[in-house]
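Data first, discussion second: the structure below is written as C-alpha cells.
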Amino acid sequence: LLIFHYAAPSPLWFRRCGFIFLAVLSSGLLALALKATLGRARPKQFLKHEIYGFEFFKLDSDFQSFPSGHATTCLALACALSFLFPRWGKLLIPVGIALAFTRVIITAHFVSDIVAGCCVGLATVLLVRRVFAARGWLLHEPARMEQTSPAPAVLAVQIANRKSQI
C-alpha cells in the first residue's frame with residue numbers, strides 16, 4: 001500500500017488503487033483456500049489416469065483445479081476496474097471472461113472451475129466494495145452542484161408565479 005500512496009496523485013486515486021489491490025488479493029486468497037480444501041482433480045488427471053472428482057485437503061497441484069485462480073483474478077480485476085470506470089465495463093467484463101475460459105482450451109480446468117472462479121472473483125469484489133462504502137471511502141468524485149440558470153420555460157413559470165402573487 002505504500003507504493004500506492006506515492007504513485008497515487010490524490011486521495012481518491014489512493015482509495016481506487018487500494019480497492020483494486022484488496023479486491024484482487026482477497027479473491028485470490030479465497031480461491032487458494034477453496035482449492036486446498038476441495039482438492040478437485042485437473043482435466044489432465046482425467047485424461048491420463050481417469051481420475052475425476054474431489055480429494056478433500058489434497059495439496060498436490062494436480063488436485064487444485066476448483067475454483068480456477070486465473071478466472072478468479074481475471075474477473076476480480078475486470079469487475080473492480082468496471083466499478084471504477086463504468087464506461088469500460090462493457091469491454092472489461094467480456095475480456096475477463098474470455099481470458100478465464102482460455103484455461104479450458106488448454107485443458108488446465110473444467111468449465112465449472114472457470115464458472116466458480118468467476119463467481120468467487122465477482123463476490124469478493126462486491127464484498128470489498130461494500131466494505132469501502134460502509135466506511136465512507138468514496139471511489140468516485142462527489143457530484144458537484146453547480147449554480148446554473150434555469151431553462152427558459154422554468155424561468156417563464158417563475159415570473160408568472162411572482163406576478164400572480166402581487
Side-chain angles (χ1 to χ4, degrees), residues 1-47 51-143:
L1 288 176
L2 192 60
I3 294 169
F4 293 137
H5 178 68
Y6 289 107
S10 71
L12 174 66
W13 279 100
F14 178 72
R15 287 190 302 272
R16 287 178 172 180
C17 291
F19 172 71
I20 293 170
F21 177 76
L22 290 175
V24 173
L25 176 72
S26 61
S27 67
L29 291 175
L30 181 58
L32 285 173
L34 289 171
K35 284 174 175 272
T37 304
L38 299 174
R40 183 176 194 183
R42 291 190 181 272
K44 70 179 181 178
Q45 292 294 350
F46 177 72
L47 296 173
I51 298 172
Y52 180 78
F54 293 89
E55 297 279 333
F56 297 106
F57 301 105
K58 189 150 188 170
L59 299 179
D60 184 7
S61 65
D62 288 337
F63 290 88
Q64 292 189 355
S65 179
F66 185 85
S68 168
H70 286 83
T72 302
T73 302
C74 284
L75 210 70
L77 182 60
C79 289
L81 289 172
S82 295
F83 283 133
L84 298 178
F85 309 104
R87 290 183 182 175
W88 288 92
K90 292 178 182 175
L91 174 69
L92 291 169
I93 300 295
V95 167
I97 292 171
L99 286 172
F101 273 95
T102 61
R103 303 294 290 167
V104 174
I105 295 169
I106 63 170
T107 66
H109 289 285
F110 296 104
V111 173
S112 58
D113 302 338
I114 303 302
V115 172
C118 289
C119 291
V120 168
L122 175 62
T124 53
V125 170
L126 291 173
L127 180 66
V128 170
R129 184 175 175 219
R130 180 172 280 191
V131 168
F132 269 59
R135 295 190 179 271
W137 296 339
L138 299 177
L139 297 173
H140 298 283
E141 286 285 342

Work out which heavy atom in [X] is nearest to a heavy atom in [Y]; give both atom names and the distance.
X: Cys74; Y: Leu99; value: SG-CB, 3.8 Å
X: Val120; Y: Pro67; value: CG2-CG, 4.3 Å
X: Pro94; Y: Gly89; value: CD-O, 3.8 Å
X: Ile114; Y: Ala100; value: CD1-O, 3.3 Å
X: Ala23; Y: Ala76; value: O-CB, 4.3 Å

To the nearest 0.5 Å, what is the distance between [atom1] on [X] and [atom2] on [Y]?
X: Asp113; Y: Lys35; atom1: CG; atom2: NZ; result: 7.5 Å
X: His109; Y: Ser68; atom1: NE2; atom2: OG; result: 3.5 Å
X: Leu22; Y: Arg129; atom1: CG; atom2: CZ; result: 15.5 Å
X: Thr72; Y: Leu122; atom1: OG1; atom2: CG; result: 11.0 Å
X: Leu75; Y: Thr124; atom1: CG; atom2: OG1; result: 9.0 Å

Check whether any side-chain N or O of Thr73 sits under 3.5 Å from a backbone N or O of His70 as a donor-acceptor pair, and report yes or no. no
Under the side-chain contact (heavy atoms from CB on, under 4.5 Å) criterion, do Leu127 and Ser26 qualify, and how do the steps go? CA-CA 10 Å; Leu127 180 66; Ser26 61; over 6 Å; no
Checking Phe83 against Leu126 for the side-chain contact (heavy atoms from CB on, under 4.5 Å) test, could you report, in this order, the C-alpha distance in whole Å, the side-chain angles of both residues, the deciding distance, and whether it holds? CA-CA 10 Å; Phe83 283 133; Leu126 291 173; 3.5 Å; yes
Residue set satisfying side-chain contact (heavy atoms from CB on, under 4.5 Å) with Leu81, at least two apart, ordered chain then number -> Ile20, Leu77, Phe85, Leu92
side-chain contact (heavy atoms from CB on, under 4.5 Å) with Val111: which residues, sequence neighbours excluded? Phe101, Val104, Val115
Could you walk me through whether Val95 and Leu91 pass side-chain contact (heavy atoms from CB on, under 4.5 Å), step by step? CA-CA 6 Å; Val95 167; Leu91 174 69; 4.0 Å; yes
